[in-house]
Amino acid sequence: MNTFYTTTSIPYASQKPHIGNTYEAILTDAVARYHKLLGDDVYFLTGTDEHGEKIERLAEAAGVTPQQFVDTVTAELRHEWDACMVEPDDFIRTTEQRHMDIVKRMFKKLYDQGDIYKGAYEGWYCVPDEAFYTDSQVVKAESGHVCPDCGRPVEKLKEETYFFRLSAYADRLAAHIEAHPEFIQPESRKNEMVNGYVKPGLQDFSVSRTSFTWGVPVEFDPGHVMYVWVDALSNYITALGYDPDGKSGELFEKYWPCDVHILGKDVLRFHTLYWPGMLMALGLPLPRSIYGHPWYLMNSDKMSKSRGTAIYASELAERYGVDCVRYYCLREMPVSRDGNISHELLASRCNTDLANDLGNLASRSITMAEKYFQGDVYPEETPENEVLALCAASKDRVKGAMDGLSTQLALTEAMSPVVRANRFIDETSPWILAKDPGKAEDLKGVLYTLLETLRNASVTLYPVMPLAMGKLRAQLGLPEVPVWEETPPKGFSVKRGENLFPRIEL
RNA sequence: CGCGGGGUAGAGCAGUCCGGUAGCUCGUCGGGCUCAUAACCCGGAGGUCAGGGGUUCAAAUCCCCUCCCCGCAACCA
């Protein structure tokens, strides 16, 4: 049996995640469910990044401890995930003891072997903005260096910090990226990483801070806490029970290396350069692939809580149903640019595809099966026709698209037999066949074709819409959870239930 | 010459790698059907595929140039 390990990036627990953040969890969940259908031994990990200065400050402002603060945010996040039927095998928080214990020993090991060293980070600091800038970021004005954001003068600041020696792994990493075209996906992002960072030369990066305390302590140097990279990125192996001293647990031995890390384009750099560098230093195999997805925008604008333009998955799921939200997110995200989401767009897409095409096909097909044959449709011979041929062909194409994480294409393909079947009804006019007792077998063939189209869709769409497809399968008299290679049955015993996708009225 | 992405019907998008009558959804106009969630099916109108040049029998698709929009530009998650 193949194993399949997939992860989301772990969101920063600084605020409740909006639909744009939740999209990633939905995508990863659908990928995990798809591989489960294929029969793979799947492990799906997600979690939260809970340390850092920003959280320390937000907690202080809220008058709570940082731990209380992240407990609240992480609970909100899990509520969002739950509302979308995102069901990971494990959920890791970087403030958990099991994580911190391992991270501390990892850090020490890297330090002992010389991959982490003490140095100083020099930069520019804008006091009013409380922001650091690098040499290349600050604007050089006549009056001296000024803040690129607000234009006020910045001060030179020097902070003692530990660095990870990424430069030592630059050549190996460049060679790996070159030799494994699938390592960074999609390809346009790979080019961005290579041209933007690898070719100019990879520099060491800072892995500790002395300016705040809410982090994993560097035990051999009090005053330092770990900065985000070592702490957060390592969640992918600490959750599996990795042991820097060579006694890693069963899960780690079974699932590492990861098959695909799924994350936003904004953090792709850290996952494709920093993280592999650290893994090389630890002597561990690199993840097989890393996929950077675009973002969802609200009316072509970045979602912002403060501007009131954020949409939350839980609200959408409550209003329109979890299946609609999952379907929309995975159907509408374009391949190579940011997607748009709004109530209007979601309602339009779901009404067209789910209510009018799929839901209505189920409704009319099952109703006819009950009306004409009391729900039992067992033709003497399994029919062969264009619609059934399309079902088989489309399923293969769905598989190809899902393997490449192209959910937009996968869903378009999965829906194509449904659209074709609606036309098939007009072409065959079953209500006319029903008036002629001598055409009973023809009528059975037509209804079988329709029900088999629905069964096929219940498999190909199951990873994206587990709830609704489970209900559809129940109406078709099939087990609620399918397997990908399900054999078409000789016939169907159906029973009409509630409408699968009620039309959305705004 | 910093890097990358985008600019295709009123709106939102696919097609561009592997040139060959420009496609999908919504909207709109007309027709059909009555099994169905006022859903389904057929047809019409609507695009010089950002602009210019080149290659070719043929270019949205390949090459060159220009314009516009967006993201990134190293320690921000």
Side-chain angles (χ1 to χ4, degrees), chain A residues 9-15 21 48-49 51-55 121 123 131-137 148 161 163-164 166 186-197 199-207 209 227-229 232 263-270 273-274 294-295 297 300 302 331-340 342 344-345 347-349 351-372 408-409 412 415-416 419 421-434 443 446-447 450 496 498-504:
Chain A
S9 60
I10 50 175
Y12 197 53
S14 59
Q15 61 173 2
N21 309 123
T48 40
D49 170 19
H51 288 127
E53 186 174 17
K54 190 172 178 182
I55 282 171
Y121 166 63
F132 286 94
Y133 298 103
T134 58
D135 258 345
S136 57
Q137 284 178 297
T161 178
F163 282 95
F164 177 80
L166 183 62
E187 194 185 355
S188 59
R189 300 268 163 228
K190 182 190 89 169
N191 296 338
E192 202 170 314
M193 293 302 122
V194 171
N195 293 329
Y197 306 101
K199 281 184 184 166
L202 294 173
Q203 292 176 21
D204 299 345
F205 59 92
S206 165
V207 293
R209 284 289 185 279
Y227 189 54
V228 59
W229 313 127
L263 39 110
K265 58 182 184 177
D266 53 328
V267 289
L268 194 62
R269 202 174 86 229
F270 314 121
L273 307 177
Y274 293 13
W295 289 329
L297 306 177
S300 305
K302 259 192 192 179
R331 171 64 181 76
E332 254 348 62
M333 182 61 92
V335 184
S336 56
R337 82 182 96 168
D338 294 333
N340 275 300
S342 70
E344 291 75 15
L345 290 169
S348 169
R349 171 58 69 189
N351 279 341
T352 302
D353 293 1
L354 301 181
N356 297 353
D357 289 346
L358 178 57
N360 189 39
L361 178 68
S363 180
R364 59 202 306 212
S365 303
I366 292 169
T367 299
M368 283 193 278
E370 289 192 334
K371 199 178 220 171
Y372 304 142
Q408 183 187 47
L409 184 58
T412 306
M415 289 299 294
S416 68
V419 173
N422 275 317
R423 182 150 61 92
F424 184 70
I425 295 179
D426 272 65
E427 290 166 354
T428 54
S429 305
W431 51 91
I432 293 175
L433 295 176
L443 181 56
V446 168
L447 291 182
L450 300 178
R496 201 183 194 305
E498 60 179 317
N499 281 348
L500 296 169
F501 303 103
R503 281 183 63 80
I504 297 169

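Letters A, B, ... mirror the listed sequences (proteins, then strands); counts begin at 1. Just so you know, these numbers use all the heavy atoms, side chains as well, and skip hydrogens, waters and symmetry mates.
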A39(B) P sits how many Å from N422(A) CG, rounded? 13 Å
Are more than 12 heavy atoms from other residues, nucleotides or ligands located less than 6.0 Å from atom NZ of K54(A)? no
Given RNA chain B, 5'-ward residue of the pair V267(A) and L361(A), judged by closest heavy atom: L361(A)
For A50(B) and G15(B), measure between their P atoms and round to the nearest Å. 15 Å
N/O donor-acceptor pair under 3.5 Å between N422(A) side chain and D357(A) backbone: yes
May I ask which nucleotide in the shown strands pairs with U34(B), Watson-Crick or G-U wobble, both distances under 3.5 Å? none
Is D204(A) touching bases, backbone alone, or none of the nucleic acid, heavy atoms closer than 4.0 Å? base
Could you tell me whether V207(A) contacts a base, only the sugar-phosphate backbone, or nothing, with contacts defined as non-hydrogen atoms closer than 4.0 Å? nothing
Please list, for nucleotides 42-46 of chain B, all pairs of protein and nucleotide N/O atoms separated by less than 3.5 Å.
residue : atom : partner : partner atom : Å
C42(B)  : OP1  : R423(A) : NE           : 3.4

Validation row: L354(A), R349(A) side chains within 4.5 angstrom (heavy atoms): no
d(R269(A) CZ, L263(A) CG) to nearest 0.5 Å is 13.0 Å
NE2 of H51(A) versus C1' of C76(B): gap in Å, rounded? 18 Å
Would you indicate which nucleotide in A77(B), A39(B), A36(B) comes nearest to any side-chain atom of R503(A)? A39(B)
Between CD of E332(A) and C1' of C13(B) the distance, given in whole Å, is 8 Å
Between C42(B) and U25(B), how far apart are the P atoms? Round to whole Å, please. 9 Å
Considering only atom P, compute the distance from G44(B) to G6(B) and round it to an integer number of Å. 32 Å
CH2 of W229(A) to CZ of F164(A): how many Å apart, nearest 0.5 Å? 13.5 Å
Go ahead and name the base partner of G12(B); Watson-Crick or wobble counts if both distances stay under 3.5 Å, otherwise write none. C24(B)
By the Watson-Crick or G-U definition, both distances under 3.5 Å, A73(B) is matched with none
Pairing of R209(A) and E53(A) as salt bridge, 4.0 angstrom limit: no
Which part of the nucleic acid, if any, lies within reach of F164(A) when heavy atoms closer than 4.0 Å are counted: base, sugar-phosphate only, or nothing? nothing
Specify the closest pair of heavy atoms between R503(A) and A355(A), including all atoms of both residues, with the distance to one decimal. CG-CB, 3.8 Å
Return no unless some side-chain N or O of R349(A) is found under 4.0 Å from OP1 or OP2 of G12(B). no
Interatomic distance, D357(A) CG vs U37(B) P [rounded to whole Å]: 15 Å
Using a cut-off of 4.0 Å on non-hydrogen atoms, how would the nucleic acid contact of S206(A) be classed: base, sugar-phosphate, or nothing? base
What distance separates N21(A) CG from Q15(A) CD, expressed to the nearest 0.5 Å? 7.5 Å
If you compare all heavy atoms of I55(A) against all heavy atoms of D49(A), which two are closest, and at what distance to 0.1 Å? CD1-O, 4.1 Å
Can you tell me which nucleotide in C76(B), U37(B), C35(B) comes closest to the side chain of I425(A)? C35(B)
Just the rounded figure in Å: distance from C1' of A36(B) to OH of Y372(A). 10 Å
Take atom P in C49(B) and the same atom in A60(B), then report the distance between them in whole Å. 7 Å
Length of the CZ-P vector between R269(A) and C72(B), whole Å: 11 Å
Whole angstrom is fine here: how far is it from NZ in K265(A) over to P in C72(B)? 8 Å
Under 3.5 Å for both donor-acceptor distances, Watson-Crick or wobble: does C18(B) have a partner, and if so which one? none
Rounded to the nearest 0.5 Å, what separation is found between the CD1 atom of I366(A) and the CZ atom of R496(A)? 7.0 Å
When you measure from the side chain of D266(A), which nucleotide among U37(B), A77(B), C76(B) comes out closest? A77(B)
From A77(B), A73(B), A36(B), nucleotide with atom closest to R364(A) side chain: A36(B)
Any chance you could measure I432(A), atom CD1, to L443(A), atom CG, to the nearest 0.5 Å? 11.5 Å
Please tabulate, one pair per line, each protein N/O and nucleotide N/O from nucleotides 26-34 of chain B that are separated by under 3.5 Å, including the distance.
residue : atom : partner : partner atom : Å
G32(B)  : N2   : D426(A) : OD2          : 3.3

For G43(B) versus G53(B), give the span between their P atoms, rounded off to a whole number of Å. 37 Å
Candidates C41(B), C76(B), C40(B) - which lies nearest the side chain of N360(A): C40(B)
With rounding to the closest Å, how many angstrom separate the P atoms on G51(B) and A11(B)? 15 Å
Round to a whole Å and report the spacing from CD of Q408(A) to C1' of U25(B). 11 Å
If I take atom CD1 from residue I425(A) and atom OG from residue S365(A), how far apart are they, to the nearest 0.5 angstrom? 4.5 Å
Please measure how far the C1' atom in U66(B) lies from the corresponding atom in G7(B), and state the result in whole Å. 14 Å
When we call it a touch if two heavy atoms are under 4.0 Å apart, what does L500(A) touch: a base, just sugar-phosphate, or nothing? base
Against the side chain of Y12(A), the closest entry in A74(B), A36(B), A77(B) is A77(B)
Hey, does F501(A) reach any base, or is it just sugar-phosphate, or nothing, if we go heavy atoms under 4.0 Å? base
Is there a Watson-Crick or G-U wobble partner for U48(B) with both distances under 3.5 Å, and if so, which one is it? none
Do you know the tightest heavy-atom contact between D426(A) and R364(A)? OD1-NH2, 4.2 Å
C63(B) and C17(B), which share atom name C1', separated by this distance in whole Å: 15 Å
